[in-house]
Amino acid sequence: MEQLLQQLNKSQGEAVQFIDGPSLVIAGAGSGKTRVLTYKIAYLLKQDLPAQHILALTFTNKAAREMRSRVSELVGENIARRLWMGTFHSVFSRILRTEAERIGFTSNFTIFDSADSRNLIKTIIKELQLDDKVYKPARIQSMISNAKNALVSPTAYAQSKEMLEYDMKAKVPQVKDIYKIYCNRLHAANTMDFDDLLYYTNRLFRDHPDVLAGYQNRFQYILVDEYQDTNFAQYLVVKQLADIHHRVCVVGDDAQSIYSFRGANIDNILNFKSNYPEARIFKLEQNYRSTQNIVNAANSLIKQNKGQIQKNVFSENAVGEKIEVASAFSDFEEGVIVANKIQDLRRSEDASYSDFVILYRTNAQSRVFEESLRKKNIPYRIYGGLSFYQRKEIKDVIAYFRMVVNPKDEEAFKRIINYPTRGIGATTVGKVTDTAQLHNISLWEVINDPLKYNLNVNAGTAKKLKDFHLLIDSFAQELPVATAYEIATKIVKESGIAREAYQDQTPEGMSRQENLQELLGGIHEFCESRIEEGESRVGLIDFLSEVSLLSDQDTDKEEEKEKVTMMTIHASKGLEFKNVFIVGLEEDLFPSSMAKSEPRGLEEERRLFYVAITRAENFCMLTYAKSRFRNGQTNSCHPSRFLRDIDKEYLKANTGVIEGGQGGEYSQYSQGGFWDTVRRNREEREELKETVRKETSIFEKPEFPQETAFPSRTNFVNVKNAQPKNPVNNNIGDIQVGATIKHERFGIGKIVSLDGDAASRKATVEFENAGTKQLLLKFARFEIIG
DNA sequence: AATCCACTTGTTTTT
DNA sequence: CAAGTGGATT
């Protein structure tokens, strides 16, 4: 233990060793916050507090994983494994699954992602016949989310004068109704959205003191990472759990609070002392990450904000270089400047590509840098954007999983009822929904016995619905016995997803197959590793409950080394890089035009900039463009006010970034060459996709599941089309103007003209009985008869 | 029912 | 520019 403590500085050591009451650790950027948390856990364990009595909460799975592995290094894997460590959402969902019955759910509840939530809200808005131009789904969603995070129930909402007045002023008086229906629907479907995980944990503890007492007893010591980002719901759960013993340690930095748009309340950290008057406060002020110059620059910036906890972050590292500021004529040139600088630094410093990061305010900004880096053959990876689990094909499969685990899941139902297409269209789904509402039952119950509820569909459709029910049911039968991998494979094969993917030989289709393959591989891996940890059978529910809470941050792969990283500043929190480029420092972009209206928004933007700068170890460069292509047009822009917030002495204006460069020379890029580049790069990207292929794939196995779930005519046609080397029309090449053809549906016709290139040749055909039609030869089904 | 096309619309950040 | 929508076409 002595040895352990020697690796800490004075304040770190004090913070670690204080375990008899509440403590707040104010951890400046780069001051060893994770170190304190992990050593503190090790210290608690050494004081004979059993691991299963320690709860550590983080915001990201990544942070939790990293903490666990670092604790493992100190105390061994066997002990670390027993810790209650995870994100708020994952720990709470685990609790809620065990206690589900107490709050009127069952333990197999499924989790809505934000797209599901928005869809449901959209549906409700339609059902209430409200104008979605006024009741914008995204906006309503965030209003509801805020209410939940503040623990305002639908009933309380409808009774709150304040809320109602606000909504009245905002011309959306019916939000209270939407909110109520939304909650009911989620509940009826045995589903929870992200906010519910926090909300219902609170309800559980509030309404069931015996349950609360159990967890208070279990969690003898509670640690919270990134405390400045907690919202009211999170704050209150922690408070309730620690209510008896007060043994809670929260770590955070008010200067890095950047999630208020998600309900994070900076007051939680500012008021910690008044909540726990006996609390000790520790300040970690020595920054081990960055050069003095970077720390000083960041300090001078954040000084412009009011109302923060007094602290004096300092560095004893080298003074370091000044922060470079570069201006570009266009966003395109900005990309070139950054790419060149990366190349230069890599040579002069012998740096690895992975030592570089490009940070931007909005995801849309990544495009230009992708192009400029690719042009120089600099490998890169983009963090964020569409995560693996948000791809359509993956979400579709996951929807099957959800439906199998929890057949009441309404959004999952709507997603897959006609995927792969089985002749159940919007009209039918509409009828099913109406019937379900009428009888106050789930969609699932309706399709179990369509006729029983007088569903107004013909016998064929009724059968299709029933068949779908049987299909899902057949998977569900396996649930208690099969592993996640077994059942997932079965689903992919027998649902027709595999068949459909196999049919599609386009590059996009191939990449979809690959993703599906990867998903199955991932599930396999998941099962294996859980087995290794000593679990007996890893079922689909286990996989699903984990995967629903993964975000794109969590899907990073090992092979991504040796690449320049690009991400939003938000995503960069907690990370560090030798060389940091912060780009797009322009008014209305950073600070965002949205945030400028209120001073608090502006301060948060400034904290965001603070976070960005403090990611840098050695070198930091700030860039802005004088014109930028946004929303389909080029706008001129002004340098960000934040550039003036930093003391001049830490900055170095940079004009000749590129070898021999004098600004104007590069304007050529921003004009003529631009569109060319865009087009060229797009073509390259297509080619790239085409070369991607997998050798082993379930999609290439010759034997396909014979037992087709839906032996309908459509299926037959599909199977015919599935012959990959047998195009619909096998004599495109021979066709000429004047030829007579016989089309499957339009009958006999004569080709009057041909145009377009080989890949997408279009024929104008005059049919005898069907008029003149344009046919894409690639797709049209006909034969040449003369 | 599904696909295609012409049109509008809009953009912050995400556990 | 892009994604999403509504209408027309098959």
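So that the names make sense, note that chain A is the first sequence line, chain B the second, and so on, each numbered from 1.
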*Under 4.0 angstrom, heavy atoms only, what part of the nucleic acid is A:Lys122 near: base, sugar-phosphate, or nothing?*
sugar-phosphate

*For A:Phe261 and B:dT13, is the gap between ring centres under 5.5 Å while the planes differ by less than 30°?*
yes

*Listed nucleotide nearest any side-chain atom of A:Ser592, set B:dT12, B:dT14, C:dC1*: B:dT12

_From the set B:dA2, B:dT12, C:dA2, return the single nucleotide nearest to any side-chain atom of A:Arg367._
C:dA2

*With respect to the side chain of A:Thr427, which nucleotide from B:dT14, B:dG10, B:dA1 is positioned closest?*
B:dA1

*If you check every side-chain atom of A:Asn418, which of B:dA2, B:dT12, B:dT14 has the closest atom?*
B:dA2

*Which is true for A:Gly425 with a 4.0 Å heavy-atom rule: it touches a base, it touches only sugar-phosphate, or it touches nothing?*
sugar-phosphate

*asked:* Both A:Gly632 and A:Ile424 contact DNA chain B. Which one's nearest nucleotide lies toward the 5' end?
replied: A:Ile424

*Answer with yes or no after comparing the ring centroid distance for A:Phe261 and A:His570 against a 6.0 Å cut-off, counting only values under it.*
yes

*Can you check whether A:Thr58 reaches A:Met67 side chain to side chain, under 4.5 Å on heavy atoms?*
yes

_So if I take every side-chain heavy atom of A:Thr568 and compare against B:dT12, B:dT14, B:dG10, which nucleotide ends up nearest?_
B:dT14

_Just the rounded figure in Å: distance from C1' of B:dT13 to CG of A:Asp229._
12 Å

*Remember a base hit wins even if backbone is also touched, and classify A:Thr428 as base, sugar-phosphate or nothing at under 4.0 Å, heavy atoms.*
sugar-phosphate

*Under 4.0 Å: is that the gap between some side-chain N or O of A:Asn363 and OP1 or OP2 of B:dT13?*
yes

*Who passes salt bridge (charged side-chain N to carboxylate O under 4.0 Å, His left out) against A:Arg361, sequence neighbours left out?*
A:Glu605

*Taking only residues two or more places apart in sequence, or in another chain, which ones meet A:Arg262 in a side-chain contact (heavy atoms from CB on, under 4.5 Å)?*
A:Phe59, A:Tyr259

